[in-house]
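A quick write-up on the structure given underneath.
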Amino acid sequence: MPTSELVLRVAIPSPLYSSFDYLPPDHCDPTQLKKGVRLRLPFARSQTVGILLEVSDKPQVERHKLKAAIEVLDNEPLLPNELMSLLQWCSDYYHHPIGETLATALPSALRQGEVASTKPRSLWCITNAGREMDADKLGKRAKRQADLLRRLGASHAGLTAAHFKELPRTWVDAMAVLVKNGWVEMTQIPALEYGNAEPELGPELNEAQAKAVECIHNCLGMFSAFLLDGVTGSGKTEIYLRSIAAVLKNDQQALVLVPEITLTPQLVGRFKRRFNVPMAVMHSGLNDRERLNAWLLARSGEASIIIGTRSAVFTPMSNPGIIIIDEEHDTSFKQQSGLRYSARDLAIVRARKLGIPVVLGSATPSFESLLNVEQLRYQPLSLPKRAGEAKPPKVSLLDVRGQNMEEQLSVPLLQLMQGHLDNGNQVLLFLNRRGFSPSIICHECGWVGHCRRCDTHMTLHMQKRHLRCHHCGSQRPIPPQCPDCGSVDLRPLGSGTERIETVLTERFSDIPRSRIDRDSTRKKGSLNAILNDINTGEPRILIGTQMLAKGHHFPDVTLVGVLDGDQGLFGVDFRAGERMAQLIIQVTGRAGRGDKPGQVVIQTHHPDNPMLQLLCQQGYHAFAKAAQSERQLTTLPPYSHMALLRAEASDALPAESFLDQAHNLAQQLGTPGVELYGPMPAMMERRAGKYRYQLLLQAQKRTDLHRLLGPWTVQLNKLPGARKVRWSLDVDPVDLM
Ligand code: ADP
Ligand code: ZN
Ligand code: ZN
């Protein structure tokens, strides 16, 4: 076959379920091109970057209709074969176009065609000589130098190129003069974080820990999935650290996935204290360049440990040895837009392809993982007791029916708090609702502040003095009087963390407080500042949402109050109970982690609820067993498999009729083993001005579901109603709202 007959088949980020053919660029021998390199391509009157899937001699369209690629961007494939094959699997399983799937896996700098090489960042700091310079005396001609000097003089940590973005490029020359004169010093910031030169050894393992570590060690170098099921504070992180140590000894890399909220400097610090190796930390605060650097250093093998959130599951590694997923039950591992993948499930698939162990850790394993253990797909490793001296906290229900309440705080809880604070300890209050109160109501006529773009009310934020919708983000000032009847008697309805905080200010005026929720931690670095405050150990009240429940180590907290234990009892989603139980147990785990015993009090209006009692008296696993048998009886996941087709439009009708057409299409294709429910309006029918409908597909056998999804999804775009809606498919949805 003459090479002039060959075409390049590429994946392009586009919602179409197909690959695209191009002619090779001028002067390019297509037989020399490796699968997985990037190409710059003409596309729809503009340009795009695609990835070469294969070189083929069978064009999908006639050759003379094909355009030529503009240039080849890489010599070597960007993604190792193993990752290409994972992404192909991912595209097939989630029925998502391959081009978009590959694009999701790449750092955005590479998606935009940047060169795949690391650049250390330069950091400029003012020197003592520079500080003594009087910038004003530099004269008119050196205005730029004077400006730079003033800026650097005002910064403690120094400045990078990102700080000078708005200046004309000549700032570089001015800076060079400053450096030459010794007024400014330039250093390079490494892209990697380095551990301690003299790493800590870590505690001696207890029996259960030693057994778990041994099981994992025995499986190094082969695929094996473990569920490390250990109560909070049982030393799971210690198991990760020991397993990683073994992997590093073999010159292999470790990939650690954690939920967004727990990826704090505290966690990274713990890894750094233990290992004297380069680490790449991939969190949402990185800019494009930093993310690219971390990614490339993982790919080259220079980074030995990679710690990251969900999307880090796609990090290439030259010599991977283990994958660890902490808090595996956490729903943040599921992406909720675009390619709706589960990083946990992909980690398992990837580990199997790589032939390496994968460890899922949790104090409150997901029902999916518990079933996988039951069906012998995962090996259970259990840490039933807290490590070290810490004892499990005493958990009790507090019946608040008929009690005097100050907002959500009952008198007995307030008294308990006083006792713990008097003893010099810390108290943690948990309420999974931020803002001052969930809404505002007119006491005269009952008017409630609704969002104009969503079917929900707006949350009252007192500090900001506005009403804000937590679903679409729109906000408006608190109205001075009721828009319906004109009354000025507008009152908050219910309470959120902000309101509890004001009660605490009145009740415990001399005790410092910390509030942890998305509002109080919006500013970069503020979460860490708060965590550091808490760890000073002085008496203190912590109030927070689920941000407070996860991962953190607060050794001086001896009392945890769950303010609304009823929140999960009447949830509409079938997973509401599981989620609430997980949250309660996680937050319970914050009590008594030091050497002082802990106590947990759960306020409820339903002290007789059998599920709540089970959770309280016998713990998570007893609760899970009971809840799982309910799921089994009703054949809900994990005892069946779901996919959700969502459609949204500016009107209800197009959304509903597209789903009707999709329903009919499925029936034409044949649906053995699959039940279809809907179309029906989503729980919140209107959100951000869009009407939302959904069609639920459910099957006992995964294969039945996917047999339908394959041909179905590629035809959905061709339905007459498809152009009038935005639609998306969610395989294994975790959120049915
Ligand atoms: P988890 O990850 O299960 O919450 P950690 O690994 O954070 O548990 O351990 C909880 C606390 O117990 C930490 O302060 C840790 O240093 C300590 N710890 C862990 N294992 C041991 C051990 N074998 N002996 C003494 N202390 C331990
Ligand atoms: Zn009114
Ligand atoms: Zn809204």
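Whatever order the structure lists ligands and atoms in, that order sets their numbers, starting from 1. For reference, positions follow the sequence shown, starting with 1. Computation of the quantities below employed the complete heavy-atom set of this structure, encompassing side-chain atoms and omitting hydrogens, waters and symmetry-equivalent molecules.
Between Asp519 and Lys464 no salt bridge is recorded (no basic side-chain N to carboxylate O distance below 4.0 Å). The pair Arg242-Glu214 does not meet the salt-bridge criterion, since no charged nitrogen lies less than 4.0 angstrom from a carboxylate oxygen.
Between His461 and His466, the ring planes are perpendicular. Angles over 60° get that label, and only those under 30° would be called parallel.
For atom 20 (N) of ligand 1, the nearest protein heavy atom (residue, atom name, distance) is Gln209 NE2, 3.0 Å. In terms of protein heavy atoms, atom 18 (N) of ligand 1 is closest to Ala387 CB, 3.7 Å.
In terms of N/O distances under 3.5 Å, ligand 1 is approached by Thr237. On a distance-only criterion, Gly233 and ligand 1 share at least one N/O pair closer than 3.5 Å.
Ser514 and Asp533 are not linked by any side-chain donor-acceptor pair at a separation below 3.5 angstrom, with hydrogens and angles left out of the test. With no hydrogens or angles considered, a side-chain donor-acceptor pair links Ser362 and His329 at under 3.5 Å.
Residue Leu205 has at least one heavy-atom neighbour below 4.0 Å for each of these atoms of ligand 1: 23 (N). Close approach of ligand 1 to Asn206 (heavy-atom distance below 4.0 Å) involves ligand atoms 23 (N).
Among the atoms of His470, no N, O or S atom is found under 2.8 Å from the Zn ion (ligand 3). At a cut-off of 2.8 Å, His471 does not coordinate the Zn ion (ligand 3) through any N, O or S atom. None of the N, O or S atoms belonging to His443 lies under 2.8 Å away from the Zn ion (ligand 2).
With contacts defined as side-chain heavy-atom distances shorter than 4.5 Å, the pair Leu615/Ile602 does not qualify. Considering only heavy atoms from C-beta on, Tyr378 comes within 4.5 Å of Ile348 through its side chain. By the 4.5 Å heavy-atom criterion applied to side chains, Gln567 and Ile584 are not counted as neighbours.
Checking His553, Arg270, Glu327, Lys236 against atom 14 (O) of ligand 1, the nearest heavy atom belongs to His553. Atom 24 (N) of ligand 1 has its nearest heavy-atom neighbour, among Gly230, Pro203, Ala208, Gly235, in Pro203.
Rounded to 10 degrees, the SG-metal-SG angle spanning Cys472 and Cys454 at the Zn ion (ligand 3) equals 110°. Centred on the Zn ion (ligand 2), the angle running from Cys482 (SG) to Cys485 (SG) is recorded as 110°, rounding to 10°. Of the angles at the Zn ion (ligand 3), the one spanning SG of Cys451 and SG of Cys469 is 110° when given to 10°.
Here the shortest heavy-atom pairing between Pro654 and Val725 reads O-CG1, 3.5 Å.
If you look at Glu204 next to ligand 1, the close heavy atoms, those under 4.0 Å, all belong to the backbone. At a 4.0 Å heavy-atom cut-off, ligand 1 does not touch Glu200 at all.
The main-chain N or O of Ile534 is found under 3.5 Å from a side-chain atom of Gln426 such that the two form a donor-acceptor pair.
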